[in-house]
Engineer: 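Okay, here's the structure, questions in a sec.
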Amino acid sequence: MRPFRYHRPAGVAEAVALLDAAPDGAYLAGGTNLVDLMRLGVQRPDLLVDVNRLALDTVDPLPDGGLRIGATVRNSDLAAHPLVRQHHPMLSRALLAGASGQLRNMATTAGNLLQRTRCVYFQDTGRACNKREPGTGCAALHGQNRDLAILDWSEACVATHPSDLAVALVALDAVVEAYEPDGPREVPVTELHRSPGAHPERETTLARGTLITAVRVPPLPFATRSTYVKVRDRASFAFAVGSVAAALDLEGDIVRDVRLAYGAVAHRPWRAYRAEDALRGRPFTAELAAQAADAELAAARPLHHNAFKVPLIRNITVRALTDLAGPVNR
Ligand code: SF4
């Protein structure tokens, strides 16, 4: 591991200034992803700015009925928070579907959003990877790509974003509050992560050195009827092969409103706008849910080893929505 300096700033402004002056530095929060990548030699920061003691660790209700989640709130604490469990169960379920109890006790809200892909070639410094070393190629494109993207990938990168929490936050239209070197900024989570294009090394729309300070979840009354369904190779502890975050608002059997987002299908958490449009205003049936998923997945371009993800995502869309609709609407 490359030697590094360590600094614990007293406030947000100092943290951002420290990283702005250190092009190869990194923020350290839970460290559950960063420290692994440092050990592997994938990330080699020369400065760690430890943000764990900044006052960013509370969950606060907002006057409009929404929630403000501090950047360093631990995943375990957020999953167990009574307001999250009551008003946004999909968030709690997404968090509890991720990692192990020990990791959730360390991992933070912002760190979860900014975690790096688990593409095996990204973590192997002996293999070509445009994300790790721009211009070297993509070993996954014609290699082991079973777990990788089916939507929106490029010749330069076919990786997926690994976060479960981000999928739920995209479905809920959450907003990131951040401090860039030039000052505060807000970014919808739907616009936080980039498509890979020709530059998969650029993963978010944040300027270098930006510190996420909080995530704001707007009120969504029907999110009390929401869920997160994740398919993974091991029930105990594994990243998603495919996942769906869903919230459903029914008036009788008519879909008044719906939120859908998919995980493990693209370089960014994937909001399923086409599927939502196909559902709104129609009588809910399992067949309609399948048709809606097909509308979203019409743009899918499976890789050599992952065509199974298309029916998998369709099936878990149907499962999530029929569970939310209840037995009378199946
Ligand atoms: Fe690297 Fe992306 Fe290709 Fe994986 S898919 S090897 S992360 S460029």
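Both ligands and their constituent atoms are indexed starting at 1 by order of listing.
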Engineer: Please list, in chain and residue-number order, the protein N/O/S atoms closer than 2.8 Å to atom 1 (Fe) of ligand 1.
Structural biologist: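 Metal shell, protein only: Cys129 SG.
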
Engineer: Between Pro89 and Ala223, which heavy-atom pair has the shortest distance, and what is it?
Structural biologist: CD-O, 3.1 Å

Engineer: Please identify which of these residues, Arg194, Gln115, Arg268, Lys131, meets the side chain to side chain donor-acceptor pair (under 3.5 Å) condition with Glu203.
Structural biologist: Lys131

Engineer: Looking at CG of Asp20 and CG of Leu211, how far apart are the two atoms once the value is rounded to the nearest 0.5 Å?
Structural biologist: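 Separation between the atoms: 12.5 Å.
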
Engineer: How far is atom 5 (S) of ligand 1 from the closest protein heavy atom, and which atom is that?
Structural biologist: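 Protein heavy atom with the smallest distance to atom 5 (S) of ligand 1: Val158 N, 3.2 Å.
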
Engineer: Do NZ/NE/NH1/NH2 and the carboxylate oxygens of Arg104 and Asp77 come within less than 4.0 Å?
Structural biologist: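 No, no charged N to carboxylate O under 4.0 Å.
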
Engineer: Going by distance alone, is a donor N or O of one side chain under 3.5 Å from an acceptor N or O of the other, for Asn112 and Asn75?
Structural biologist: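 Result is yes, a qualifying pair exists.
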
Engineer: At less than 4.0 angstrom from any non-hydrogen atom of Ala156, what atoms of ligand 1 do you find?
Structural biologist: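 Here the atoms of ligand 1 in question are 8 (S).
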
Engineer: Does Arg232 have any salt bridge (charged side-chain N to carboxylate O under 4.0 Å, His left out) partners at least two apart in sequence or in another chain, and if so, which?
Structural biologist: none

Engineer: Drop me the distance from Arg132's CZ to Thr125's OG1, to the nearest 0.5 angstrom.
Structural biologist: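 Result: 6.0 Å between the selected atoms.
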
